[in-house]
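Worksheet: the structure to be examined is printed underneath.
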Amino acid sequence: MADRNRIEIPLPDDWHLHLRDGDVLPVTVNHAASRCRRAIIMPNLKPPVRTVEEAAAYRDRILQVCQWDHFEPLMTLYLTDNTSPEEILKAKDSDFVHAVKLYPAGATTNSDHGLTSVQNAREVFAAMEQCDFPLLVHAESTEPNLDVFDRERAFVETDFAWICENFKRLRIVFEHVSSRAGVDFVNSNASRMAATVTPHHLLLTRNDLLVGGLKPHHYCLPVVKTEDDRRALIQASLDKENFFAGTDSAPHPRSKKESHNCAAGIYTAPFFPELYAMAFEPHFPDPSQDPAPLQDFLRLFMSVRGERFYRMPLNEKGSPDQILEIRKEEWTLTASYEFAGDELVPLYAGKTIPYKAEIVKAN
């Protein structure tokens, strides 16, 4: 590569993204589309996206405000106690719904309609297994007496273990895995399970959240954890083909983040490839001397592995022929974005980071 300060990869995909709805949609959609070609869109709206018809309507609203021709939203359904196997078959037959999302009731933002017991979805899981339709899991127990840092481990040991034991051919994504226990569980089910890994779980620990005072814009669910957990995520991402990029970028207005009832979510969509480059750079030779190893890994992590799991064509060139150029270049992130009369504060707001990405025409 002639320019050692530049990495080039096919347009990445984001396999876990929140866009919200209504007046804020033009902001979130175009931030995401400025960095990726496709994204798995989370269904936890108010009300949630529970049917194929609701997913189609939400997809139309996304595309109406998107200013980028290449962007494709990949829709999901929200699993409730009342979801039917027939709805799963309709989703499988559609060309735009690609998975079903399991939220334990009360686990995170807008999860009030989620499953009250995984056993309530036995028939749905059987239908998904039969037609080979992926299940995406927010893996946190909602038992009220649990330490918040143990919620992922507890779900793995109980509800998640039950699902895997009873539906051995069900394809599953362990969403935003955040702990060593979660990594070990994915590895133990590697023949049919993948995991999305967020940039903030790769970059932050609970010290970043708590030391020197609570930092609301570092608060998410699952919560960021220990340095040992962070290292487990880094190593799994480097070594395992079934760990791939999913930002869990989750926009909330400043008024709901900086409040006594702090909303859970970290916003990274406008610059997520840069954050992944930052997280993984220390584990490769100096990119200024040889960018190829880091470039090859980022291509796999952001542009290949997720596509293989979802059985979709690789973004080798994009549409039209575009690539993502990631330059080693310092730039200062926006302190906040206008957000329907409020402000949207991203991760590292107003700080300088060492990479900058841009979609460019392929040579």
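This one's a predicted model, so the numbers in the text were calculated from it and none came from an experiment.
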Practice task
Examine the side chains of K225 and S179 and answer whether a donor and an acceptor come within less than 3.5 Å of each other.
Solution key: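 Side-chain D/A pair, K225 to S179: absent.
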Taking only residues two or more places apart in sequence or in another chain, which ones pass side-chain hydrogen bond (donor to acceptor under 3.5 Å, both in side chains) with [X]?
X	result
Y267	H31
D147	none
E165	K168
K92	none

Handout entry: Sequence neighbours excluded, every pair satisfying salt bridge (Lys or Arg N to Asp or Glu O under 4.0 Å) that has a member inside residues 340-355
Key =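 For residues 340-355, and leaving out neighbouring residues, the salt bridge (Lys or Arg N to Asp or Glu O under 4.0 Å) pairs sorted by first residue read R254-E343.
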Problem - Any donor-acceptor N/O pair, Q295 side chain to L298 backbone, under 3.5 Å - result: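 Pair absent, no side-chain N/O of Q295 close to backbone of L298.
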Handout entry: With sequence neighbours excluded, residues passing side chain to side chain contact (heavy atoms under 4.5 Å, CB included) with Q119
Key =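 Q119 satisfies side chain to side chain contact (heavy atoms under 4.5 Å, CB included) with S117, R122, W162 once adjacent residues are dropped.
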Problem - For T334, side chain to side chain contact (heavy atoms under 4.5 Å, CB included) partners two or more places apart - result: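 Only Y337 meet the side chain to side chain contact (heavy atoms under 4.5 Å, CB included) criterion with T334.
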Problem - Pairs touching residues 341-362 that satisfy ring pair (Phe, Tyr, Trp, His ring centres under 6.0 Å), sequence neighbours left out - result: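 Residue pairs with at least one partner in residues 341-362: there are none.
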Handout entry: Residue pairs involving residues 181-220 (criterion ring pair (Phe, Tyr, Trp, His ring centres under 6.0 Å); sequence neighbours excluded)
Key =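 Every pair satisfying ring pair (Phe, Tyr, Trp, His ring centres under 6.0 Å) with a residue in residues 181-220: F160-F185.
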Practice task
Identify, with sequence neighbours excluded, every residue that meets ring pair (Phe, Tyr, Trp, His ring centres under 6.0 Å) alongside W331.
Solution key: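 Checked W331 against ring pair (Phe, Tyr, Trp, His ring centres under 6.0 Å); zero matches.
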Exercise for the section: Only counting residues at least two apart or in another chain, list the ones meeting ring pair (Phe, Tyr, Trp, His ring centres under 6.0 Å) with F280. Expected result: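 Applying ring pair (Phe, Tyr, Trp, His ring centres under 6.0 Å) to F280 gives F297, F301.
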If you look only at distance, which donor and acceptor atoms sit under 3.5 Å apart when one is on a side chain in residues 82-89 and the other is two or more places apart or in another chain?
| unit_1 | atom_1 | unit_2 | atom_2 | d |
| --- | --- | --- | --- | --- |
| T83 | OG1 | T80 | N | 2.9 |
| T83 | OG1 | T80 | O | 3.4 |
| T83 | OG1 | T80 | OG1 | 3.4 |
| S84 | OG | E87 | N | 3.1 |
| E87 | OE2 | V52 | N | 2.9 |

Exercise for the section: In sequence, state the C-alpha distance, the side-chain angles, and the governing distance for R230 and D208, and then conclude on salt bridge (Lys or Arg N to Asp or Glu O under 4.0 Å). Expected result: CA-CA 12 Å; R230 190 189 73 84; D208 297 294; over 6 Å; no
Problem - Check: F309 ring centroid to W15 ring centroid under 6.0 Å - result: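 Aromatic pair excluded; centres sit 6.0 Å or further apart.
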Exercise for the section: Look at the rings of H176 and H138 and say which category their plane angle falls in: under 30° parallel, 30 to 60° tilted, over 60° perpendicular. Expected result: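 H176 vs H138 ring planes: perpendicular.
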